[in-house]
Amino acid sequence: MDLKHLNYFITVYEQKSFSSAAKYCFIAQPSISAAVAQLEQELQQVLFTRHARGVTPTEQGEKLYPLAKQLIGQADAIKQTFLSQGIQQSFRLGVTKGLGVKRMSALLNDFTSAETTMELTLVPQHENSDARIIIKEELKDEEKYHLIWQEDYLLVLPINHPLSLKDEIQLTDLDGLAFIQRSPCNAWQMLNDTLTLSGIQLDIRAKIQTIDYALGLVRAGLGCALVPAHPEIIENTDLTFKAIDKLQLTREIVLAYQHTTPLLRTLKQQVKLISEF
């Protein structure tokens, strides 16, 4: 029995949806569906009842869930028992803030699971490290890189804001708009330059650094903000996200490095698996 298939089964059970499980694991939904289907074929049991709003575990699915959790836990315990005696390998990974906790956690979990004798240390992106996960604009001249994620920037508004009724925001709609400036943010500088050339001025109500604070202030009705549209952000259904017409603002998140090591090769492989979906 494939332990990965059991892990996917557990995730579908807990998320109550194949699509939600796929997002949680950061893989394509067909991969999750195929794994569960193979598990059902192996056990000769239907584990989920599919319906329009997700899935409900069958009686057999309910029976399998605690057994699967126990087996996965025991498998991890066995692995740690024997690998804890190995030589620990140190790996320092620089990480830029605001990349998304869930997807970064999933990537790092896959990395550490593949290198169980590794001691991983996360540091700010400007400190010395073996590799960095950063915004492409933060690359140093001597660094090579692999693309991990690419995403657009969107204007986030309070859900009751008048502009939330528009399908698309025009640049002229931003004139005098109450705005929360987040920096450092390359997209903010590009937006500000474009508005200046068009004679449009925002009403800056706050200057902050983190995306979480920006979302919180927007939610409180203080103003609007510019944020990257990765899944953990746009799943906030109490906020409205809109594209700005004729303004293409994107960011690329990359794995940056100078020297290839065995541990880096493993991390690059995990990055490759993510970028294929």
Side-chain angles (χ1 to χ4, degrees), residues 2-12 15 18-38 72 75-76 79 83 86 88-125 127-153 186 228-234 250-277:
D2 193 319
L3 294 181
K4 181 175 287 188
H5 292 174
L6 283 177
N7 262 319
Y8 288 158
F9 161 77
I10 290 170
T11 305
V12 173
Q15 296 292 318
F18 279 94
S19 59
S20 296
K23 290 178 182 178
Y24 185 87
C25 296
F26 292 99
I27 65 170
Q29 183 174 333
S31 299
I32 290 274
S33 300
V36 172
Q38 188 169 338
I72 293 298
D76 287 341
K79 186 184 297 183
L83 292 178
Q88 291 290 313
Q89 305 175 78
S90 175
F91 192 87
R92 289 171 61 87
L93 181 65
V95 180
T96 292
K97 292 182 179 179
L99 301 184
V101 174
K102 287 183 181 178
R103 65 183 182 181
M104 281 298 300
S105 296
L107 171 58
L108 296 179
N109 179 64
D110 289 342
F111 181 34
T112 54
S113 295
E115 293 288 351
T116 52
T117 62
M118 175 183 62
E119 181 181 308
L120 177 65
T121 302
L122 300 183
V123 299
Q125 78 276 15
E127 291 191 12
N128 290 332
S129 57
D130 298 294
R132 304 191 299 155
I133 297 180
I134 57 173
I135 309 300
K136 188 176 179 182
E137 285 75 13
E138 296 173 324
L139 276 169
K140 299 175 182 178
D141 291 339
E142 64 272 18
E143 285 182 314
K144 305 172 186 177
Y145 72 92
H146 284 275
L147 178 65
I148 308 177
W149 298 293
Q150 180 173 314
E151 54 210 11
D152 295 330
Y153 281 87
N186 292 318
H230 65 68
E232 291 173 50
I233 290 180
I234 60 177
T250 62
R251 74 173 184 176
E252 293 180 323
I253 299 167
V254 301
L255 170 64
Y257 59 95
Q258 294 185 39
H259 307 292
T260 299
T261 64
L263 290 177
L264 180 61
R265 278 194 287 269
T266 300
L267 180 55
K268 286 167 65 176
Q269 181 61 35
Q270 301 304 322
V271 166
K272 182 180 177 181
L273 290 174
I274 288 176
S275 61
E276 287 176 350
F277 297 108

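This is a predicted model, so every value here is computed, not measured. When reading the values below, keep in mind they use all heavy atoms of this one structure, side chains included, and skip hydrogens, waters and symmetry mates.
Pro228 is listed as a side-chain neighbour of Arg251, based on a closest heavy-atom distance under 4.5 Å.
No salt bridge links Glu138 with Arg132; every basic N to acidic carboxylate O contact stays at or beyond 4.0 Å.
In this structure, CZ on Phe91 lies 10.0 Å from CG on Leu122, to the nearest 0.5 angstrom. Within the model, atoms CD1 of Ile134 and CD1 of Ile148 stand 9.5 Å from one another, a figure rounded to the nearest 0.5 Å. The distance from atom NZ of Lys268 to atom OG1 of Thr260, rounded to the nearest 0.5 Å, is 4.0 Å. In this structure, NE2 on His230 lies 14.5 Å from CD on Gln150, to the nearest 0.5 angstrom. Rounding to the nearest 0.5 angstrom, the gap separating the CG atom in Leu93 from the CG atom in Leu255 is 7.5 Å.
A distance-only check finds a donor-acceptor pair linking the side chain of Thr112 to the backbone of Asn109 [under 3.5 Å]. Checking side-chain atoms of Glu232 against main-chain N and O of Arg103 turns up a donor-acceptor pair under 3.5 Å.
Residues Pro262 and Glu115 approach most closely at O-OE2, 4.3 Å, considering heavy atoms.
Between His146 and Tyr257, the ring-plane angle classifies as parallel under the 30° and 60° cut-offs.
In this structure, a donor-acceptor pair under 3.5 Å is present between the side chains of Thr117 and Gln89.
A search for salt bridge (Lys or Arg N to Asp or Glu O under 4.0 Å) contacts involving Lys97 returns nothing, not counting sequence neighbours.
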